[in-house]
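The analysis underlying the following values was restricted to heavy atoms, covering all of them including side chains, and did not include hydrogens, waters or symmetry mates.
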Amino acid sequence: MCIFTAVFHDAIPMRVLLSQVKIVDPRHHTLSAPCDILIVNGYIDRIADRIDDETAERIELPHAHVSPGWIDLFADFGDPGFERKEDVRSGCAAAAAGGFTEVCLVPNTIPVIQSKAEIDYLLHKSRELPVTIRPLGAISKDLEGKALAELYDLYAHGAVAFSDGWQPVQSAALLLKALEYVRAFDGTIIQLPDHQSLSTHGLMHEGIHSVRLGMPGIPAISELIQVQRDMELARYAASRIHFTGISTRQAIEAIARAKQEGLQVSCSITAYHLALTDACLEDYDTNLKVIPPLRSQEDVDALKEAVAAGIIDAFATHHRPQDIESKQLEFEYAAPGMIGMESFFGIMNRELATIDLLDKIAMLTTRPRSLLGLPEVEIAVGKEANLTIFDPDKEWTFEEKHIRSRSHQTPFIGQRLKGFVYGIFAKHQLVLHSSSPE
């Protein structure tokens, strides 16, 4: 088996032959029989049952499936300003290892992503890397929630949507202005569902476990109120809003009703909100401190039911690297966030084992691209290759050797996952895992 290291190659193979792979095509809801895909100079040259080409670099991987490249709707590379935690290069390496060919980056950097200069910085720094950066432009200047950033200028220079990232807009008046403004160019506002007046001092989900552990709670209603308020603003503005990191049954039910009413509302969930609950915090593991917090088992069950019902539109990793100094503290003082790219598919696929593979891949490909107004990715002759290569059935143990992020702050090390990502082919580059799934 030919395995390249998970780094970015200076010498790009001009002819690559993916041997006996199954094509997962959410656009046509089909899963092909095993076939060969020949890629020449970054473009798909042939797709056939068998292709004999001795000049091509033949890639043979057990039970390999190929889908359009995955896109992550909400991630943090900390660059510029927090490169000690992550930078564009290490973040893109983590993304490639997780199967993502495109990543939407939050604007919570120093300086904030709020002008052409910051967008140009990200695009230039990632230009030679195989992962495409999709900047999320700030909604408010300096993320202060007081005055609108230059939204149209951000859009014109490459922002695919607008968000204040980890600091969701609290001012109803400002958010309404943003929703009305982006409607002119069919833009999307992305909000983290967190009403901070109710969650400011909370450390974990408010419930029986927060009482037993003696930690201030973040009530489910803090998410519900934010979602309900913002949906009403979107209704008034006749504009689009997306909620990322939805974590409670009440919020899901509110979104489901809004969709039935025809509102332009969508939502995404993380893998860790599917796999973990507030009961997991019994040992005060700071890797479990996230925003929105880990919720109850009832909420986790509701998320899974919502995926099955088609209420959840997409996935987002909420990859938020922290250095060890930010986590080896008392729970109260530890920074929120965990890494989420390299283990994402294995966790999500394990937790949603009963969901059809095509539906899960659609939530990583066609649906998020549609939400952002991005061009569809086709696996067809003559099209540029933008592919994720994976085995959906492989069970493996997630270990530190699989991590490409600068940060190793995750509670999933040592866990058995289902579904292994071999790598990606994107921007004329092949990146495959150097580490065995075992």
Side-chain angles (χ1 to χ4, degrees), residues 25-28 67-75 95 100-107 113-116 118-120 122-123 126 131-139 148-165 169 175-192 230-231 233-235 237-246 255 258-259 262-269 310-317 359 361-380 383-384 386-388 426-427:
D25 186 354
R27 295 176 64 249
H28 301 292
S67 76
W70 301 346
I71 182 169
D72 184 359
L73 282 176
F74 201 83
F100 296 97
T101 63
E102 300 171 68
V103 179
C104 299
L105 292 185
V106 296
I113 309 303
Q114 60 184 358
S115 74
K116 176 181 182 295
E118 290 86 38
I119 287 181
D120 284 349
L122 288 175
L123 298 182
S126 61
V131 175
T132 297
I133 298 300
R134 304 287 188 186
L136 299 176
I139 295 172
L148 280 185
E150 298 293 338
L151 302 186
Y152 185 78
D153 187 57
L154 288 166
Y155 166 75
H157 290 99
V160 293
F162 304 92
S163 177
D164 275 2
V169 175
L175 187 64
L176 179 59
K177 287 181 182 178
L179 286 163
E180 291 174 332
Y181 196 97
V182 302
R183 184 182 61 200
F185 50 85
D186 202 25
T188 299
I189 297 292
I190 298 179
Q191 278 273 76
L192 198 72
D230 292 355
M231 287 194 303
L233 294 173
R235 184 200 304 273
S239 192
R240 295 195 306 186
I241 191 159
H242 178 86
F243 298 101
T244 184
I246 288 292
I255 290 170
K259 287 188 170 191
L263 264 66
Q264 297 181 79
V265 59
S266 57
C267 62
S268 52
I269 57 173
I311 298 167
I312 308 299
D313 299 277
F315 298 114
T317 66
D359 290 333
I361 298 304
M363 293 173 67
L364 287 165
T365 56
T366 54
R367 294 182 194 171
R369 287 195 174 93
S370 176
L371 291 174
L372 297 176
L374 296 175
E376 291 185 337
V377 172
E378 298 182 56
I379 303 179
K383 299 295 183 179
E384 185 173 358
N386 181 348
L387 309 172
T388 298
K427 293 168 69 174

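S370 places no side-chain N or O within donor-acceptor distance of the main-chain N or O of T366, the cut-off being under 3.5 Å.
Between the side chains of T188 and H242, not a single donor N or O lies within less than 3.5 Å of an accepting N or O. There is no side-chain donor-acceptor pair under 3.5 Å between S67 and T388.
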>> Could you walk me through whether E150 and K116 satisfy the salt bridge (charged side-chain N to carboxylate O under 4.0 Å, His left out) test, starting with their C-alpha distance in whole Å, then the side-chain angles of each, then the deciding distance to 0.1 Å, before giving a yes or no?
In response: CA-CA 10 Å; E150 298 293 338; K116 176 181 182 295; over 6 Å; no
>> Go through it in stages, so that I can follow the logic: the residues are I119 and L154, the test is side chain to side chain contact (heavy atoms under 4.5 Å, CB included), and I'd like the CA-CA distance, side-chain angles, deciding distance and then a yes or no.
In response: CA-CA 8 Å; I119 287 181; L154 288 166; 3.7 Å; yes
>> Determine whether R134 and D72 satisfy the following criterion, salt bridge (charged side-chain N to carboxylate O under 4.0 Å, His left out), listing intermediate values before the conclusion.
In response: CA-CA 9 Å; R134 304 287 188 186; D72 184 359; over 6 Å; no
>> Let's go through C104 and L372 carefully: what are the C-alpha distance in whole Å and the side-chain angles of both, what is the deciding distance for side chain to side chain contact (heavy atoms under 4.5 Å, CB included) to 0.1 Å, and is it a yes or a no?
In response: CA-CA 10 Å; C104 299; L372 297 176; 3.6 Å; yes
> Yes or no on salt bridge (charged side-chain N to carboxylate O under 4.0 Å, His left out) for E376 and R369, after CA distance, side-chain angles and deciding distance?
Replying inline: CA-CA 7 Å; E376 291 185 337; R369 287 195 174 93; over 6 Å; no
> Given the rule in the side chain to side chain contact (heavy atoms under 4.5 Å, CB included) test, do Q264 and I241 qualify, once you have shown the distances and angles that lead to the verdict?
Replying inline: CA-CA 7 Å; Q264 297 181 79; I241 191 159; over 6 Å; no
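Taking OG of S268 as the reference point, atom CD1 of I190 lies at 7.5 Å (rounded to 0.5 Å). Rounded to the nearest 0.5 angstrom, D230 CG and S239 OG are separated by 11.5 Å. Going from atom CD1 of I71 over to atom CG of L371 covers 9.5 Å, rounded to the nearest 0.5 Å. Here L73 contributes atom CG and I269 contributes atom CD1; the two are 12.0 Å apart, rounded to the nearest 0.5 Å. The distance from atom CD1 of I189 to atom CZ of F243, rounded to the nearest 0.5 Å, is 11.0 Å. D164 CG to I113 CD1: the interatomic distance, rounded to the nearest 0.5 Å, is 12.0 Å.
The minimum heavy-atom distance between R235 and L263, with the atom names listed, is NH1-CD1, 3.3 Å. Residues L176 and A237 share a closest heavy-atom pair of CD1-CB, 4.0 Å. For the pair I312 and C267, the tightest heavy-atom approach, listed with the atom from each and the gap, is CD1-SG, 3.7 Å. Closest heavy-atom contact between L387 and T101: O-CG2, 3.7 Å. Closest of all the heavy-atom pairs between M363 and D313 is CG-O, 3.7 Å. Pairing each heavy atom of Q191 with each of L175, the nearest pair is NE2-CD2, 3.7 Å.
When side chains are defined from C-beta on, I139 does not count as touching K177, because their heavy atoms never get closer than 4.5 Å. Proximity of P26 to P68: side-chain heavy atoms (C-beta onward) are separated by under 4.5 Å at one or more points. Here the side chains of V160 and Y155 are not in contact, with every heavy-atom distance at 4.5 Å or above. V182 has its side chain within reach of F162: a pair of non-hydrogen atoms, C-beta onward, lies under 4.5 Å apart. Counting heavy atoms from C-beta outward, W70 and E102 have side chains that stay 4.5 Å or more apart. Taking the side chain as every heavy atom from C-beta outward, N386 and K427 never approach each other to under 4.5 Å. Using a 4.5 Å cut-off on side-chain heavy atoms (C-beta onward), I379 and H28 make no contact.
Considering T317, V103, L105, L136 in turn, L136 is the only one that fulfils the side chain to side chain contact (heavy atoms under 4.5 Å, CB included) rule with F74.
The six-membered or imidazole ring of Y152 lies near that of F185, with a centre-to-centre distance under 6.0 Å.
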